[in-house]
Amino acid sequence: PIPNLHIMCNYNGQRIQLYDVDVVSVTIFQLQEIVMNRTGLPLGSFRLADQMGREMFSKHTCNDYGVLPGATIHVQVWKGWSGLINATLEGNIPGLQTS
């Protein structure tokens, strides 16, 4: 089966494939919750952006941004979080102390 939506985590290259999402009606907030649950990222540490790099706001739907089935949405962590997140995922304690 072909995923309805791809979510690309720019900080680590992880790709989340969603098969059970209605691209027309899903809200950006619902996608943020999926990202949070699948990656462990705190909700306030990232934003979602469409293929053109435009920030997607939580009260809107994918349809509001013209996102079509099979498209890719990007997870962009806020500046300063990337090093901390990657150090945490790698278990790099010295890296955590300098981040």
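This chain uses plain numbering: 1 for the first residue, then up along the sequence. Values reported hereafter were calculated over all heavy atoms of this structure, with side chains retained and with hydrogens, waters and symmetry mates removed.
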Engineer: For Leu48 and Gln32, run side-chain contact (heavy atoms from CB on, under 4.5 Å): C-alpha distance rounded to whole Å, both residues' side-chain angles, the deciding distance at 0.1 Å, then the answer.
Structural biologist: CA-CA 7 Å; Leu48 297 181; Gln32 289 170 323; 3.8 Å; yes
Engineer: State, with a plain yes or no, whether a side-chain heavy atom of His74 is found less than 4.5 Å away from one of Asn10.
Structural biologist: yes
Engineer: Establish whether Leu41 and Ile73 are linked, either directly or via other cluster members, by ILVMFWY side-chain heavy-atom contacts under 4.5 Å.
Structural biologist: yes
Engineer: Any link between Val21 and Ile28 through a network of hydrophobic side chains (Ile, Leu, Val, Met, Phe, Trp, Tyr) touching at under 4.5 Å?
Structural biologist: yes
Engineer: Taking side-chain contact (heavy atoms from CB on, under 4.5 Å) as the test, write out the residues that go with Gln14, two or more places apart.
Structural biologist: Cys9, Tyr11, Asn12, Ile16, Thr39
Engineer: Only one of Thr61, Asp64, Val67, Leu31 forms a side chain to side chain contact (heavy atoms under 4.5 Å, CB included) with Met56, so which one is it?
Structural biologist: Val67
Engineer: Take Gln17 and Ile2 through the side-chain contact (heavy atoms from CB on, under 4.5 Å) test and state the conclusion after the steps.
Structural biologist: CA-CA 9 Å; Gln17 297 181 335; Ile2 298 172; over 6 Å; no
Engineer: Supply the atom-to-atom distance Arg47 CZ to Ser58 OG, rounded to the nearest 0.5 angstrom.
Structural biologist: 13.5 Å
Engineer: Can you tell me if Asp22 uses its side chain to pair, donor with acceptor, with the backbone of Val26 under 3.5 Å?
Structural biologist: no
Engineer: Measure across Leu5 and Cys62 and return the closest heavy-atom pair with its distance rounded to 0.1 Å.
Structural biologist: CD2-SG, 4.3 Å
Engineer: Are Val24 and Ile34 joined in one hydrophobic group, where the rule is that I, L, V, M, F, W and Y side chains link up if heavy atoms are under 4.5 Å apart?
Structural biologist: no
Engineer: How far does CZ of Arg15 sit from CD1 of Ile7, to the nearest 0.5 angstrom?
Structural biologist: 10.5 Å
Engineer: Output every pair passing ring pair (Phe, Tyr, Trp, His ring centres under 6.0 Å) with a member in residues 19-61, not counting sequence neighbours, ordered by first then second residue.
Structural biologist: His60-Tyr65
Engineer: Could you state whether Leu68 and Val23 fall into the same hydrophobic cluster, counting links through intermediate Ile, Leu, Val, Met, Phe, Trp or Tyr residues with side-chain heavy atoms under 4.5 angstrom apart?
Structural biologist: no
Engineer: Could you tell me the separation between the CD atom of Gln51 and the NE2 atom of His6, rounded to the nearest 0.5 Å?
Structural biologist: 9.5 Å
Engineer: Does Gln30 reach the side chain of Val35, with side-chain heavy atoms less than 4.5 Å apart?
Structural biologist: no
